[in-house]
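Working notes, beginning with the structure itself.
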Amino acid sequence: MARYNPKETEPRWRKAWADADVFRTADNDPRPKYYILEMFPYPSGRMHMGHVRNYTMGDVVARYKRAQGHAVLHPMGWDAFGMPAENAAMERGVHPKGWTYDNIAAMREPFKVLGTSIDWSREFATCDPEYYGQQQRWFLKLLKRGLAYRREATVNWDPVDMTVLANEQVIDGRGWRSDAIVEKRKLTQWFLRITDYADDLIEGLQTLDRWPDKVRLMQENWIGRSQGLRLTWKFDTAPEGFENGLEVYTTRPDTLYGASFLAIAPDHPLAERLSSDPRVADFLKECRKGGASEAEIEGGEKLGLDTGLSVVHPFDPTWKLPVWIANFVLMDYGTGAIFGCPAHDQRDLDFARKYALPVKPVVLPGDAHPATFMIGSEAYVGPGKIFNSDFMDGMTVEQAKAAAVTRVEAQGQGKGAVVYRLRDWGVSRQRYWGCPIPIVHCQSCGPVPVPDDQLPVVLPDDVTFDIPGNPLLRHPTWKNVQCPSCGADAQRETDTLDTFVDSSWYFARFANPHAKEPIDKAAADKWLGVDQYIGGVEHAVLHLLYARFITRALKDEGMLSVAEPFTGLFTQGMVTHETYKAAKNDPDSKDEWIEPACVDFTTEAGVRVARVKATGEVLVIGDIEKMSKSKKNVVAPEGIFDTYGVDAARLFVMSDSPPERDVEWTNAGVEGAGRFVHRVWAEFDAQAEGPAPALDDSDAAALELRRATHKLIGPVGDSIERFRFNSGVAKLYEFLNILKAYPAAGAGSAVQAARAEALEVLARLINPFTPHLAEACWERLGKTGMVVDAEWPKADAALASDNEVTLPVQINGKRRGEVIVAKGTASADVEALALADASVSVHLAGLTVRKVIVVQDRIINIVAN
RNA sequence: GGGGACGUGGCGGAAUGGUAGACGCAGCGGCCUUAAAAGCCGCAGCCGCAAGGCGUGUGGGUUCGAGUCCCACCGUCCCUACCA
């Protein structure tokens, strides 16, 4: 009896799968298709436990669907453009291209070791010219449709690194790498018109019934549709250029009679118009200083300046309101101007109290009296009846909104409008390692698309990173070209595309990764949408929204047939680990984190104590956190594979926690999974070799085992379908405990026959989770072929359902006994049995039975007092 | 400020409104061993010798029956944020 040796077994089976090329997907496979995809990884060069969890999850489903008879597409690629490669170039003098492809090569190995059932023939990286060239092709089609455009926009500019930073890269107003104070700069940038699809993207969410509600809600909030009124206020005396008045946007036209001031954003054109006044100029300077970091907004005080201008109320020509510049008004939402109704908006109220502006309530809560209702320091934002409002008096808030809009529209001063929080997607990046935007700028022709026969626009290799800024911009020759339109000297666009563009269509490219057009429509029609997409929830409003937008845009371009890229979505939790840090005397000193590999544990006086292995120094056990370099709580998968085996690692991440929740990595946990692997093998190893004897249901023990076997099949499959892998694994553990009670008896016994059946089922049920072990077991059973190609077992319905059931008997909801009856026994008979039961009747002594509830085959409850 | 999720043993967690705590980890006892490790067999929510009682964050409600449904509160976590 040889102990199972994963180190020897696992590579052997991976080779067998590769040799047989079992995971290659044929486009002409007639079986029902199933497209499963995990969010493709960034090639950092290191696989981490999050990858193990993500890709194992997908692999469990992929292998299960294969066994269920689906043609499964399970491809793999690399999200390979982006800043880390350029940072490496700047820090270490390596080339981003070499660095990236080296990383891909380094990561491909552990991904293969993980044993996932991936069709590697479809692999590509987004930095392959073959891929990004096709991306340029469809970008130009979007440009032609007006979905891509250029405009001047305010961006975060890092003056040291001389580059634009994304909002996420600005930390407390400083560049994340340079630590320089970030400036707001106006630059001409490329945008994708995602706002054209705002309504469509909201509506589409309703069709995504296999997405988590949470993600759908996050997208809905992010798009932020609001219904309101655009309203133009006439100036009492109009400043030059604003003769038409000042347009504001409001969602509360019902509160127009409660208005007490107008306020414009500091970067509103009117504010700029007035900045010749030194008071205004000073104030605008003050506002810009603040920066836009969240912390500053949080504690930020509301600042305002009265411009001295006044406007006329739309419903009362004698009513004049002051126009202020206020720091809390945002230029890029609505019209950049608001009317303030302090009584019914908290920000307006704060502002009004500070600058002693009038506060006039116009919405009366149901329980309040008009004479006594007062606004203190809290605005009233609830429902009620309108008052103090002339023609709207007595209306509900909703009625008044409609009435005000109608009146304003009739006066020609505005229009009901829908406004979105969502902004167009700025895709320009002043960076080298991205997809070049295929445009040539010509003095006379303007921006000209690069002609199709000159695509792809390939990144030049001879670039330098010794000084900050965009290497493409300072490249001596690359940008100098002739205008494709007029032939004059012209310059290439040196911005590259946001890497989120790369990941917005890769799932469609997998249908045929070497097509001569961006998307092979026939292949895409066969495979899309992705039946099951799996990834982290952190992409809920970034990647997952962008991909939905691009899919729609490409559909409208006729390149795709589906509007939704991912019909099923699952967002998995993170892999966490305990943290360890050196005890410190000075509370202000920096934490010194210690890697788990350097820590030993003992239990002293019932308390778990962590010590540094080498020195014995006692450590502080910190929080359980996402594995990260900074906390040094990372456990490398490769080491775990080596120590415990790949299957044990896979099994542990699938079994310990529900998949949507975080899982804490513990060595004890993976050891437990490893024990299961060995115990499974021991059962197969103990089975007598040779053909199994015939099944014999007249043997009670054998029949018992057969029942357990057939009862197992449904729940395990169900747990995979419903993404409850931990429960499925628990069922397998439970079954093994049952199986062990039936020792491999002498050859030819009924129990041995039942065991043979149990093992054959078990090998197929563990296959999704521990595929290497499953193959070894299958081989041990003497089966021909590999278990990877075996069908999912079918449960015998008669065996899987009991013909006897144990019914608990409750008295007033407390369990007092049980009766065993044949399944489907009539209620009256069950009731009689229950009342006759000795342990029940003891508790009924002195009580009168009022009612007996019998739930067939489930429970009996006796109501008595 | 707005939105969402979640509170079950020492720990991770099971439980279509129907026997709460499956399964695993840690723990305890035993077997095996010269010994240890591994392995195997058992025990194990809490109080209690037991009978029994109490138990799913707290307080109410619906129900024959609530971890599960409803209301309020407390706590933890996540997302989002001067969005007019």
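In what follows, every chain begins at residue 1, and chains take the letters A, B, ... in the order their sequences are listed.
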Short side-chain N/O contact from A:Ser226 to OP1 or OP2 of B:A84, under 4.0 Å = yes

Closer than 4.0 Å, any side-chain N/O of A:Arg724 to the OP1 or OP2 of B:A15?
-> yes

Name the nucleic acid region contacted by [X], choosing base, sugar-phosphate or nothing; use a 4.0 angstrom heavy-atom cut-off, strictly under.
X        : result
A:Tyr733 : sugar-phosphate
A:Asn737 : sugar-phosphate
A:Thr250 : sugar-phosphate
A:Asp345 : nothing

Evaluation steps, side chain to side chain contact (heavy atoms under 4.5 Å, CB included), between A:Leu773 and A:Arg650 = CA-CA 11 Å; A:Leu773 172 68; A:Arg650 288 173 58 119; over 6 Å; no

So, under a plain 3.5 Å distance rule, would you say the side chain of [X] forms a donor-acceptor pair with the base of [N]?
X        : N     : result
A:Arg347 : B:A84 : yes
A:Arg858 : B:U19 : no
A:Lys731 : B:C23 : no

State whether the number of non-hydrogen atoms from other residues, nucleotides or ligands found under 6.0 Å of A:Glu8 atom CD is greater than 12.
-> yes

Give the nucleotide from the list [options] with an atom nearest to the side chain of [X].
X        : options             : value
A:Lys740 : B:C41, B:G3, B:U19  : B:C41
A:Arg421 : B:C79, B:A81, B:G4  : B:A81
A:Glu734 : B:A22, B:C54, B:G18 : B:A22
A:Ala730 : B:U16, B:C82, B:C23 : B:C23
A:Ser657 : B:G4, B:U80, B:G13  : B:G13

note: A:Ile860, atom CD1; B:G17, atom C1'; distance rounded to Å ~ 17 Å

Salt bridge (Lys or Arg N to Asp or Glu O under 4.0 Å) contacts touching residues 213-229 of chain A (sequence neighbours left out) | A:Asp199-A:Arg225, A:Asp213-A:Arg216

Pair assignment for RNA chain B - dot-bracket with | for other-strand partners, Watson-Crick or G-U under 3.5 Å = (((((((..(((.....[....))).(((((.......))))).(((....)))..(((((..]....))))))))))))....

